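Here, residue 1 is the first one in the sequence, and each next residue gets the next number. Because the structure is a prediction, the values reported are computed rather than measured.
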Amino acid sequence: MNTSRSRVRTWRCAALAALLTAGGLTAAAPEAQARGERTETPVASTSPVDEVTESVVRVKVPLPASFGARPEACDWLSYLRYRSSDGPDASADADRILVAQPGILEGAGAFDSVARNTVARAAEQGSHIEFWALDRRSNCLEDRTGIASGDQHTAVDYYYRGKQVAGRTFGGFVGNGRLGWMAKLGIEQTVRDEYDLLTAELPDQGLRKQKVLCGGHSLGGVITGYFATADFDGDRTTTADAGHRQCAGYFALDTTVSTSLADLSGSIPDDTNLPDIGLGYAAVQTGLDTGVLPRSLSAPVLLNPETMTLLAIAGLGTLQDADGEADLPRYLPSNVNIEATNRFLFSKDTATFLTGSPGVKDFRLTNAAVLGALMDDHSVPLAFLQTSVGFFDGGPVADKNFPVANGSDQQPGLFGTEYKAIPDRPQGPLYTWRDYDRVGDPDDPGYRSADGTPFTSAGKEVTDIRELARSLAEQPLDFTEQYFPTKLVTDLQLATSPQVKRLVVHPEGIEANPALTVLAGDGLLAGRVPPDLNPVVADGYQHLDVLTAAPVQNNGRPEPVSTNLARFAQSP
């Protein structure tokens, strides 16, 4: 076992109690900086990568009046700013600034580990860089009050039982009728938001062209492609405002910088209520404007604001007591969404899904095992939500052959290629979680599928489950995204329509700057990226691992995604 990580955990436990009381976000005064309609607030963290300073920055950039009524908070843009603790205070004085667009159903908090690791790696080599993790404007609708309490029961009581936290009562998850302003929140406004934020924070275009690296994860690569080809002053003959003139280079994390969704098959869940794109652009827009079509991408169960919040609540349990026996499945109230989601995620076959027995409440699980069941690539059957955080331990497991059988030809794509497993003794032993760096240890049971296939190995495990929990539950901006604008995806799926094609003003912009493409070896694009991109491949990684992987891997080597990002940031 990695003894240095054990020492880090000892220190972290001492720091955790004080941090959770504040919900990870320190008081704004006197440390917070204010400049006009801009705030910057320090963020406290229990991360072992402690040589990095984090803050949450909010800049007021109102939407056009044509968007209609919306909450005042939605006229602000937000991002998490990471910088070297001994580096310059002003972003303009940094050596480079990486600006990252999130993927689908993803918020700024998802970048926490890769941002810290990248900034720290560059600092070790004498370079002071910054990493800006952008939050989509629609994340203004999220209420993290319950999560910020730092206590799992308090969070459940806040979101489900009407109990107040810090004098606030939860107003409920926002329904389609209150999302009218999001009907226009598509690719044009998304890239405009990035441009407006950059010009507000770094007014000198020459400096942006010299120091800013533009990129993203998953869908963020496509957004970066549209940003690179955009024109922001309405005059194609002037190029200082062109998207590619705001960037010194591009980076793509398990994606490509392009204006096509073709490379991202499997990243958009098929069971959402995404409208049929057999409709034309005008019909889709009318449907969004009238509310006939949903303005936020979600499903009746599994993928919606409520279940995205549950991931953060599960993260809280792991932060509080990873090895303690979980009571979350029983403490949560019973409703159709939660029960159906539990059945989908915790059924070993179709018969179990239909009957609901045995269900998750029938098993004894630690808090870490609950989170692992929700997000590990050998448990959750949704590739875009998968991380490689270890494996079940403490009792026998069985093949999880629902919704598809292990080893079947239906397994790749949306469901991922790894064999899935599930605890096999209801009312039995306490199932624990073997963290990524203990897989393959002498005491590892080495679980195998019924056909003899090992479920996992040390080379397939890359993310620390406690650090994943920290990113889910400790960040002031969400890891997951509760209100993803449907129009953003429909615009991209209707890329050949005149209304979207007109946004690609400078198609040469994608090739105008050097690019770094980093792929998850077992991720959505495995084996499907053109070799001329010369991608860096992180072996054993899943789609989210490129954001969450631990700084030191099981082979003793530094984490490759952040290592290559730091190297790219230091290149001429």
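- When every heavy atom of Asp464 is checked against every heavy atom of Ala550, the shortest pair comes out as N-CB, 4.4 Å.
- Between Asp539 and Lys460, no side-chain nitrogen of the basic residue sits less than 4.0 Å from a carboxylate oxygen of the acidic one, so the salt-bridge criterion is not met.
- Between the side chain of Gln553 and the main chain of Asn555, no donor-acceptor pair closer than 3.5 Å is present.
- Side chains of Gln570 and Gln125: a donor-acceptor N/O pair is present below 3.5 angstrom, by distance only.
- Tested against Phe391, the residues Phe455, Tyr436, Tyr431 include a single ring pair (Phe, Tyr, Trp, His ring centres under 6.0 Å) partner, Phe455.
- Under a 3.5 Å cut-off, the side chain of Tyr447 and the backbone N or O of Thr456 do not form any donor-acceptor pair.
- Under a 3.5 Å cut-off, the side chain of Ser388 and the backbone N or O of Glu461 do not form any donor-acceptor pair.
- The two residues Ala473 and Ala312 have their closest heavy-atom pair at CB-O, 3.7 Å.
- In this pair, Trp433 and Phe392 present their aromatic rings perpendicular. The plane angle is above 60°, beyond the 30 to 60° band.
- With Thr318 contributing its side chain and Ala469 its backbone, the two residues share no donor-acceptor pair below 3.5 Å.
- Salt bridge annotation for Arg58-Asp135: absent, with no cationic side-chain nitrogen under 4.0 angstrom from a carboxylate oxygen.
- Ion pairing between a basic and an acidic side chain is recognised when a charged N comes within 4.0 Å of a carboxylate O; Lys420 and Asp377 show no such pairing.
- Asp75 has no carboxylate O lying under 4.0 Å from a charged side-chain N of Lys60, or vice versa, which leaves the two without a salt bridge.
- Under the ring pair (Phe, Tyr, Trp, His ring centres under 6.0 Å) criterion, Tyr159 pairs with Phe170, sequence neighbours left out.
- Looking at His543 and Gln386, their side chains never bring a donor and an acceptor atom within 3.5 Å of each other.
- The backbone N or O of Val212 lies less than 3.5 Å from no partner atom in the side chain of Arg208, so there is not a single donor-acceptor pair.
- In this structure a side-chain-to-backbone donor-acceptor pair under 3.5 Å is present from Glu481 to Glu106.
- One finds no salt bridge joining Glu54 and Arg81 here, because no Lys/Arg side-chain nitrogen approaches an Asp/Glu carboxylate oxygen to under 4.0 Å.
- With hydrogens and angles ignored, the 3.5 Å screen pairs a side-chain donor or acceptor of Gln152 with a backbone N or O of Ile313.
- Between His153 and Tyr331, the ring centre distance stays below 6.0 Å.
- Heavy-atom minimum distance, Pro88 versus His128: CD-CB, 3.8 Å.
- By the neighbour-count criterion of 12 heavy atoms within 6.0 Å, atom CZ of Arg557 is sparsely surrounded, having that number or fewer from other residues, nucleotides or ligands.
- Val165 and Ser149 get closest at one heavy-atom pair: CG1-CB, 4.2 Å.
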